[in-house]
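Have a look at the structure below, then the notes.
By convention in this document, chain letters (A, B, ...) are assigned in the order of the sequence lines, proteins followed by strands, and residues within each chain are numbered from 1.
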Amino acid sequence: MTDRRPPVLRASGLAKSFGHVEALRQGELTVHAGEVVALVGDNGAGKSTLISCVSGALLPDAGEVSVEGRPMPLGSIRAAMEYGIATVYQGLAMAPDLSVAENLFLSCELRRPGLLGRLGLLDKKAMRERAWQLMDGLGITTLQDVTLPVGDLSGGQRQVVAVARAVSRAGRLVIMDEPTAALGTRQSQMVIETIKATRDRGLGVVLISHDLPRVLQVADRIVIMRLGRVVADLAASGLKINQIVALMLGEQDNDREESLPA
Amino acid sequence: MTTLQPTIPARSVRSRLGGLTRSTPAYITVALVALVVVFSLISPEWRFLDATNLQAIGRNSAGLVLLAVGLTFVLGAGHIDLSVGATLVLSSVVAGTVAVRLAGEPSAAGTFPNAGLALVIAALAAVVVGGVAGLINGVLVTRLKVNSFVVTLGTMGVATGAAQVLTNGANVAGIPPAVQTSFGLNTVAGIPLPLVLAVVISLLAGVVLTQTSAGRHALAIGSSADGARRAGVNVQRSTIVVFVISGLMAGLAGFLDISRFGTTAISGHSTTMLQALSAVIIGGTSLFGGRASVPGSVIATFIPTVLLAGFVMVGVSSFYQNIAIGVVLIIAVWLDQLRGK
Ligand SMILES: Nc1ncnc2c1ncn2[C@@H]1O[C@H](COP(=O)(O)OP(=O)(O)O)[C@@H](O)[C@H]1O
Ligand SMILES: [Mg+2]
């Protein structure tokens, strides 16, 4: 599949240190529209640091990010959101006292039509209804009430709310950092289906996950990180899990593994 | 199609007690009514229910209501503002000074040529001083990343000192009495004008808290600053907004203060901040942020003022007011902790 447009995401030369820890040395990541890129690597490899630099949650020490060819200001979650990037973070990114509906629309609230809206009044009813549709669209059958505080949900339910929020907000790119970590088999499979649907809408998707069989089921490309560097960028088709694991752990040989383009 | 079926957790203690939070204004109202009934029964000839007594309670509560409403936003956002009492005093001193300077020389009959305009400008000055004080608090908390307890403890001292420096520690005399006759002691339909103003502002504040993005973002950062930030909330701006709201309320309360006494009351506010803070917490706003109720705060504000009026009327020393509020505060915080977090 060739695409004349610039990639949805091109991140290059990203670096980030925390004190003495060089968490990220050579963050390179390219994602095209309608493509699912899996980012894999051992714990501490720098995956979350890399995507946080892209999502605006972290300000990298060096590097550039462009979205559809436009350079994006770094270190601002709001800027990244305006460029069409939405993220499911590892760990909670919710306000537990606020309801499911309130969290789904947090910072993107809908206002009432007309004068009342211009005065700043929120359209709570519309947000509740849209929230319900979103959760329904993800096939969540047990969450009866979108007015329930997120703090009252199970870990899995929260994770699903986070996924729903990201896919409903993203205009160009959805980043998911271990979105299935708190989920059971069926729920994980549902997230994979959501990723496919998002890809089919023409968005780019970055998926971080340790669940390699599922990753191989959905990813077009696999980007492998080790010790803060991207060590391989491979087409997913035909890859074997043990090949990926070997690259993740650096067991093949101690020199560089070249990228094998598709 | 596969469906996600996360299991619903057994309803947690937190959520069961959460229902209590939502009905806080209801049980505060019951407590307040009970206090009124008790004081009415034991006051001589039901004098507690006299219009003059009730009006005095209303007048004494108006400023406290404003402070409590401002603190509701600050606490909801997970911060604290210890400087509200000091800001009130500083605003009242500035307003009083402005009024005296602008009102002109009084005539033999004691009327001031520019009293009306002078008082309007004085009121604006009080609000501006409060807003600036709140802005300073907000900027210090967000830029220096110093805990709001420490920042506002510091600005409390600064504001108190500034008020004393401005007047050499003396109260401002010579404010046109119209501030009392046309506003502070005036009533509409028997209700003190300052209280009407405070209630109208509280209603607006309630709408802002529950019906606008500003209110929702304040509660979001109080619930989880990191979560709100990752959801795209401008945490710094929201934080500054809540401190400015608190400052504006304290500033207006400063003007109400001179309209009540006809002069400033520099040393009369040592327990004001604690009273307002207690009312907010008793009214169901979480000391830990994330949950807040403007109606709860407003209703709970009347608990200290009713206690004081009642104690005075039945001949109990007013010192017991502080003891009673202290006890009620500890119980309220304890209940708040039971509710979760
Ligand atoms: N905020 C932080 N402060 C200090 N060290 C950090 C921070 N975030 C990540 N690190 C360190 O950076 C390295 C990469 O972390 P991370 O990007 O979270 O890895 P991954 O997501 O691949 O497991 C780890 O050694 C981790 O301990
Ligand atoms: Mg990680």
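Between the side chains of B:Thr285 and B:Ser293, no donor-acceptor pair is found at a separation under 3.5 Å. A side-chain N or O of B:Ser83 and one of B:Asn137 form a donor-acceptor pair less than 3.5 Å apart.
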Under 3.5 Å, sequence neighbours excluded: what are the donor-acceptor pairs made by side chains of residues 52-60 of chain A?
| from | atom 1 | to | atom 2 | distance (Å) |
| --- | --- | --- | --- | --- |
| A:Ser52 | OG | A:Ser48 | O | 2.8 |
| A:Ser55 | OG | A:Ile51 | O | 3.4 |
| A:Ser55 | OG | A:Ser52 | O | 3.4 |
| A:Ser55 | OG | A:Ala57 | N | 3.4 |
| A:Ser55 | OG | A:Tyr89 | OH | 2.8 |

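For A:Met94, the part lying under 4.5 angstrom from a heavy atom of chain B is the backbone only. For a residue to count as touching a neighbouring chain, one of its non-hydrogen atoms must lie under 4.5 Å from one of that chain's; by this rule A:Ile77 touches chain B with the side chain only.
In summary, of the residues considered (A:Leu39, A:Val88, A:Thr87), a side-chain contact (heavy atoms from CB on, under 4.5 Å) with A:Met176 occurs for A:Val88 alone.
Atom NZ of A:Lys125 sits in a sparse spot, with 12 or fewer heavy atoms from other residues, nucleotides or ligands closer than 6.0 Å.
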Practice item. Assess whether salt bridge (Lys or Arg N to Asp or Glu O under 4.0 Å) is satisfied between A:Arg172 and A:Glu68, documenting all intermediate values. Key: CA-CA 9 Å; A:Arg172 296 191 174 91; A:Glu68 286 182 355; 3.0 Å; yes

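Between chain B and the options A:Glu102, A:Arg112, A:Arg169, A:Arg111, the largest number of non-hydrogen pairs under 4.5 Å is found for A:Glu102.
Put simply, the side chain of B:Ser223 never gets that close to the backbone of B:Leu219: no donor and acceptor are under 3.5 Å apart.
At a heavy-atom cut-off of under 4.5 Å, chain A is reached by B:Gly227, B:Ala228, B:Arg229, B:Arg230, B:Ala231, B:Gly232, B:Val233 from residues 226-236 of chain B, listed in order of number.
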